[in-house]
Amino acid sequence: MRPYILAENTWNSIRETAHTAAILPWGACEAHNYHLPYGTDIIEADRVAAEGARIAWEKGAKVIVLPTIPFGVNTGQPDIKLDMNMNPSTQMSVLRDVIEVLNRQGIHKLIILNSHGGNDFKTMIRELGLQYPEMFLCTCNWFNSVDQSKFFENRDDHAGEMETSVILHLAPEFVRPLNEAGDGQAKKFTITAMREGWAWAERTWSKVTKDTGVGNPEKATREKGEKFFKECTEKVGEFFYQVAVTSRDDLYA
Ligand SMILES: [Zn+2]
């Protein structure tokens, strides 16, 4: 029983703890090339949140990890079998209900730990922050917490070298042999501004990549995944800790 994981605890231990911050891991259920499982983002969200919370807890912060939400925004993959889209408006409703509970019970900080590129909680946080002024709401993408180029040769957007390495570390039993993986080749937008990154449109995933991956996984190793996971979770743990112990009056200096 880990005291910072809600699902592993009983009422008595939860009742007696004065929690200051809740952590909501958010994943997605979607195809990850031919070699990684649909639950890749869920596994990452679970494990990064738990390890980050362990670090924060051991430094003295009373954080609590809520169960991972398994469905993410997959609006660009309607033709990819069993990619389980949850619309942004549904996510907003889920988030509002979670915040309603925390707000009522006096846990006034919520950190959304995001594990999926298609999820974007910023605009929701702006709107819900107005509705729940006592709540401090924030979000982070754990996979951006450290510079990936220090660890990996090929840039990873989806199911590439980084994610494959991380799942080889966290759940190797679910990874197919790498010679079964596609090369994760992806087409780029023909419109210049979109290629440059300052204009944006959603990509129709099946027109961009053949194997659903974006990024070549061939150089992935368990060792790279372990090092990257450790460095990310140290950053995430420190973030959880700082959010939990910083008062609203001390947010700016
Ligand atoms: Zn993923």
Side-chain angles (χ1 to χ4, degrees), residues 23-52 67-88 91 112-121 139-149 151-176 178 180-186 202-206 208-222 224-233 235-236:
I23 294 149
L24 182 63
W26 210 307
C29 182
E30 58 174 347
H32 274 74
N33 201 324
Y34 304 131
H35 64 294
L36 291 183
Y38 270 63
T40 292
D41 294 5
I42 304 169
I43 296 166
E44 293 162 355
D46 274 346
R47 298 288 294 273
V48 172
E51 179 60 9
T68 299
I69 310 281
F71 302 139
V73 173
N74 280 92
T75 43
Q77 288 105 329
D79 51 347
I80 296 177
K81 190 171 182 189
L82 289 176
D83 272 19
M84 299 303 295
N85 176 49
M86 181 185 270
N87 282 320
Q91 289 189 320
I112 305 166
L113 178 88
N114 180 38
S115 195
H116 170 61
N119 294 338
D120 181 1
F121 299 105
T139 182
C140 70
N141 293 334
W142 69 267
F143 46 87
N144 290 336
S145 62
V146 301
D147 180 5
Q148 293 186 20
S149 68
F151 299 84
F152 307 108
E153 289 168 58
N154 296 308
R155 217 188 88 74
D156 185 358
D157 189 347
H158 179 67
E161 187 176 331
M162 181 278 281
E163 274 201 307
T164 303
S165 299
V166 168
I167 299 301
L168 279 171
H169 167 52
L170 296 178
E173 66 275 26
F174 297 136
V175 183
R176 301 292 310 160
L178 281 186
E180 292 181 20
D183 60 12
Q185 277 262 8
E202 180 159 52
R203 290 172 287 182
T204 303
W205 212 253
S206 57
V208 167
T209 155
K210 187 165 100 261
D211 50 36
T212 79
V214 177
N216 194 335
E218 70 178 351
K219 300 252 169 74
T221 68
R222 192 195 61 75
K224 288 182 192 176
E226 184 176 7
K227 279 195 197 122
F228 182 69
F229 179 82
K230 185 165 188 289
E231 208 161 303
C232 285
T233 49
K235 295 276 296 261
V236 166

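Sequence positions, counted from 1, serve as the residue numbers for this chain. Atoms within each ligand, like the ligands themselves, are counted from 1 in listed order.
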Problem - N, O or S from D41 under 2.8 Å to the Zn ion (ligand 1) - result: yes
Handout entry: Passing option when H32 is tested against T212, T164, D41 for side chain to side chain donor-acceptor pair (under 3.5 Å)
Key = D41
Exercise for the section: Identify, by name, the N, O or S atom of E163 lying closest to the Zn ion (ligand 1). Expected result: OE2
Practice task
Among K224, R155, K219, find the residue that satisfies the salt bridge (Lys or Arg N to Asp or Glu O under 4.0 Å) test when tested with E161.
Solution key: K224
Handout entry: Inter-residue atom distance I42.CD1 - F71.CZ, 0.5 Å rounding
Key = 7.5 Å
Practice task
Indicate if the distance from the Zn ion (ligand 1) to the nearest N, O or S atom of H116 falls below 2.8 Å.
Solution key: no
Problem - Parallel, tilted or perpendicular, as decided by the 30° and 60° cut-offs, for the rings of W26 and F121 - result: tilted
